[in-house]
Protein chains: 2
Amino acid sequence: MAAESPAGQSPSRGKRSDAQRNRQTVLAAAAEVFATSGVDAPIRRIASRAGVGMGTVYRHFPTRADLVTAVYHHQIEECAEAGPTLLADADSPLDALRQWIDLFVDFLVTKHGLADALQSDSDRFAALHTYFLDRLLPVCAQLLDAAVESGDIRPGTQPYELMRGIGNLCVGRDDDPRYDPRRLIALLLAGLRQPRTP
Amino acid sequence: MAAESPAGQSPSRGKRSDAQRNRQTVLAAAAEVFATSGVDAPIRRIASRAGVGMGTVYRHFPTRADLVTAVYHHQIEECAEAGPTLLADADSPLDALRQWIDLFVDFLVTKHGLADALQSDSDRFAALHTYFLDRLLPVCAQLLDAAVESGDIRPGTQPYELMRGIGNLCVGRDDDPRYDPRRLIALLLAGLRQPRTP
DNA sequence: GACTGAAGCGGAGCGCCGCTCCAGTTAATT
DNA sequence: AATTAACTGGAGCGGCGCTCCGCTTCAGTC
C-alpha cells in the first residue's frame, strides 16, 4: 500500500501544494482527452485543456507512457488483483483464465487506441509496455500454470506470448462490427485446450 | 494481364517518357527506404533518395498507401495466386489453408512495419487495407470454405475476421525472440479444428 | 508581515513531418 | 521552330514533440 509509483514516477507526496494540484488537473484533463481522442492525442491539447503550459505536463509526466500509465493505473491494478480472486472462485483454472482474459480485453477495447499504443514499435510507449508486463505478466503466468497443472490446457505456452497475442488481437479500428477480437481469442483458447487423449 | 492499377493508380502507360522514368525511380527508392526504415519513412527521404522533388512522389502516388501497394504489388499478387494452387496440391484443405497462411505471415513479418500499417487506425493507410482485403479475402474465403466442406474445421468463422486476426498477430516489434506470431497462429488454427464429435 | 531561495511554471522556439501549390521546365506534336 | 500540355521541384503552411530558461509562487524563517 505504501509503495506506489509505477515507473520512477513519484506521485504528489512531498511536493509543493500547487504542484500536487496541477498533477491532478493534468491527470483529469488527460483522462478526458484520451477518452475522446485516444492516447495519441497531442500533449498541447491536454495541457491547454488542463489550463497549464506544456512544460508542466512534461515535468510531471516526462514521457507519454508515464501519463498513460498514471491515467489507467487503477484499472491495471484492478485487473492484476482480479487474477488470484478469479482463480480461487472459478469452477476451474481454465475458467478463471477465461474470465481474466475477458477482463483484460474489456479494458483494452474500451480505451481508444490503447492496444495500438501497447504494441506500437515506436519507443515512445516502451515504458507503457514494460509497466503492463511487470504488473500483469505474473498474474497471467499464475493462471496459465494452474490451468496446465489441472490438465485443462496443454503445457508449453509462454505467458508473454499469450499476453502479446491477446493485446495484438485487440489492435485496430475500434468500431468495426465485422471484427470482434473476443471471437478470435475464444478460438485461441480452444486451441490451447488439452486435446483429450483417448 | 491487361487490367493493372490497384486503386485508380494508373501505371506508366501513355504517360510522358520522363514521367514513366520517374515513376520507376521513385518506386525503386521507396522499396529501398521501406526495407531499411519501414513503411512509415518520411516521403521527403524517399523523394531525395530518388533524386526528385516531393511533388513528383505525391503526383505519382497521391497517398502513402498507393506507394506501398505499388511497391508490394507483385508479392501480394503472388500470395493471392498461391491460394488455388495450394488447394489443388495439398493433402487436405486444412493443410492448404495452413500453408497459405504461412505464406501470408512470411510476407507480413519480413516487411518492417507493414502489419502495423495494415491495422493502423490512422486512415492514411485505409486504401492499403482495402487493397489487401480486395485481393486476399476471396482467396482466404475459398480456402476456409473448402476446409469447412471437408469437415476439417468447424463452420462459422468469417474470413475477414480470420485475416485481420492473423494480420494483428503479426503486429509489433519485429525482432523479439520471445514472440513468434506463428506459434499463436498455429494455436488459432488448432482452435478452428472441428472437435471430433465422439 | 516581510524576506528569500528553491520549486514550479509556461510558452517561445527548434526541428521534423505531411501535404499543397504554382512558376518554371521539358517532352511530344505541328 | 513554335506551341502547348504535361510534368517538375521545393518553398511554404500548419501541426506536432520536446526543450529550455526567465518569471512566478510557495513555504518556511525571522
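Throughout, protein chains are lettered first and strands after them, A, B, ... in sequence-line order, and every chain is numbered starting at 1. The analysis underlying the following values was restricted to heavy atoms, covering all of them including side chains, and did not include hydrogens, waters or symmetry mates.
Both B:Val33 and B:Leu114 belong to a single network of hydrophobic side chains, linked directly or stepwise wherever heavy atoms of I, L, V, M, F, W or Y lie under 4.5 Å apart.
Rounded to an integer number of Å, the gap from OH of A:Tyr58 to P of C:dC14 is 17 Å. Note: CZ (A:Arg44) to C1' (C:dC16) measures 12 Å, nearest angstrom. Rounding to whole angstrom units, CZ of residue B:Arg21 and P of C:dA27 are separated by 7 Å.
For B:Arg135 and B:Glu77, the salt-bridge test passes: some basic side-chain N is under 4.0 Å from an acidic carboxylate O. Of the charged side-chain nitrogens involved, none lies within less than 4.0 Å of a carboxylate oxygen, so that A:Asp18 and A:Arg21 do not count as a salt-bridged pair.
Taking the 5' to 3' direction, DNA chain D first and last meets chain B under 4.0 angstrom from a heavy atom at D:dA5 to D:dG12.
Counting only distance, with no hydrogens or angles, the side chain of A:Gln99 and the backbone of A:Ala90 share no donor-acceptor pair below 3.5 Å. When atom types are taken as modelled, the side chain of B:Asp152 and the backbone of B:Leu94 share a donor-acceptor pair closer than 3.5 angstrom. Judged by distance alone, with hydrogens and angles left aside, the side-chain atoms of A:Glu161 form a donor-acceptor pair with the main-chain N or O of B:Asp180 at under 3.5 Å. Remark: side-chain polar atoms of A:Ser37 are not paired, donor with acceptor, to backbone N or O of A:Phe34 under 3.5 angstrom.
Looking only at atom types and distance, the side chain of A:Thr63 has a donor-acceptor partner in the side chain of A:Asp66 under 3.5 Å away.
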Determine, step by step, whether B:Tyr179 and A:Asn168 satisfy the side chain to side chain donor-acceptor pair (under 3.5 Å) criterion, reporting the C-alpha distance in whole Å, the side-chain angles of both residues, the deciding distance to 0.1 Å, and the verdict.
CA-CA 11 Å; B:Tyr179 183 72; A:Asn168 271 358; 3.0 Å; yes
Counting primed atoms, P, OP1 and OP2 as sugar-phosphate and everything else as base, the B/S/- map of nucleotides 4-10 of chain C against protein heavy atoms under 4.0 Å is --BBSBB
Output the pairing pattern of DNA chain C as a dot-bracket string, 5' first, Watson-Crick or G-U wobble with both distances under 3.5 Å, | for cross-strand pairs, [ ] for crossing pairs.
||||||||||||||||||||||||||||||
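Comparing B:Ile43 and B:Ser17 along DNA chain C, the residue whose closest nucleotide (by nearest heavy atom) sits nearer the 5' end is B:Ile43.
Using cut-offs of 30° and 60° for the angle between ring planes, the B:Phe104 and B:Phe132 rings count as tilted.
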